[in-house]
Amino acid sequence: MTEDATGIAVRQWGELAPGAVLLDGFHAIKHALRFGARVGPVLTTDAAAVLALADRLADDVTEVLRGLLTEVDRDALRGLVPRGHTTEVAALAARPAREDNLAALAHRPRPAPVVLLDNPRNLGNVGAVVRLAAGFGATGVVTTGDLDPWHQNAVRAGAGLHYATAVERVETDGLPPGPLFALDPEGEDIRSVVLPDDAVLAFGSERHGISDEVRARADRLVSLPMRPQVSSYNLATSVRMALFHWGGPKAAG
Ligand SMILES: C[S@@+](CC[C@H](N)C(=O)[O-])C[C@H]1O[C@@H](n2cnc3c(N)ncnc32)[C@H](O)[C@@H]1O
């Protein structure tokens with residue numbers, strides 16, 4: 001029996017999926033394409049709808065997408081991506097080489113901070129932080145602990161922006177170079193601190209805060225202003241405030 005187009009697409013997906021990054025939904029695919037990911041295959045239940053969406057929201061990627069799209073039936077897509085995005089499109093992409101990311105993270109002089117998430121527990125927070133780092137033009141996001149920052153739930157929460165910054169897991173004794181500022185409610189008020197471009201900004205886990213190992217390595221402990229009796233802010237919210245305090249991407253021109 002000859003294999004139909006859906007069968008071929010499903011088989012190829014199965015061969016490529018191990019080790020690849022799942023891009024679930026239009027926005028993740030759009031960002032990955034914009035920031036140079038090697039994307040493909042791209043499967044959808046409705047190619048015309050995806051191309052219309054691209055024309056409306058991101059016409060810079062329409063033509064590339066047109067060449068990558070394969071239409072499959074809904075059951076097939078659900079079989080590959082069980083709780084897929086409402087835009088009914090998903091893709092696989094190559095994960096950037098670890099050595100390239102580590103080189104980008106170690107490169108000096110550094111034009112923008114690295115964000116360190118010290119043993120994060122929530123993949124939604126990891127993705128939200130990657131999205132912030134991409135938007136602020138941070139050099140990258142490194143994590144310690146056992147979560148993979150490229151887990152599909154983190155990539156989905158990051159809207160595919162993992163390709164717009166350097167994202168890697170590292171050991172505590174292999175942190176990127178640069179002055180280490182640990183964010184902690186016990187630290188000195190961040191409003192009196194200048195965060196340099198080559199800073200590593202460390203944030204603790206949702207459960208336990210900054211680990212003893214990172215605390216011991218920190219050059220400074222800094223706090224975000226908070227009213228008495230409030231214990232702490234959400235992790236991603238804290239990263240947002242610290243990056244805003246650093247200053248964000250330099251204005252063009
Ligand atoms: C949800 S909080 C961790 C709460 C944890 N129960 C604790 O004991 O610290 C996650 C991280 O956000 C950062 N953070 C939250 N509120 C902060 C504040 N007011 N000042 C500085 N950092 C803060 C810290 O890095 C903290 O480790």
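Counting convention: from 1, in listed order, for ligands and their atoms alike.
The number of heavy atoms from other shown groups lying within 6.0 Å of CZ (Arg207) does not exceed 12.
The nearest pair of heavy atoms linking Val50 to Thr44 is CG2-OG1, 3.3 Å.
Within 4.0 Å of ligand 1, contacts by protein heavy atoms are made from Leu183, Asp184, Pro185, Phe203, Gly204, Ser205, Glu206, Arg207, Gly209, Ile210, Val222, Ser223, Leu224, Met226, Ser232, Tyr233, Ser238.
With hydrogens and angles ignored, the 3.5 Å screen pairs no side-chain donor or acceptor of Thr139 with any backbone N or O of Leu105.
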Output, in order, the C-alpha distance, side-chain angles, deciding distance and verdict of ring-ring contact (aromatic ring centres under 6.0 Å, His included) for Phe181 and Trp246. CA-CA 12 Å; Phe181 290 75; Trp246 160 64; over 10 Å; no

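The shortest distance between side-chain heavy atoms of His31 and His162 does not fall below 4.5 Å.
With sequence neighbours left out, Ala164 forms a side chain to side chain contact (heavy atoms under 4.5 Å, CB included) with Phe35, Ala134, Leu161.
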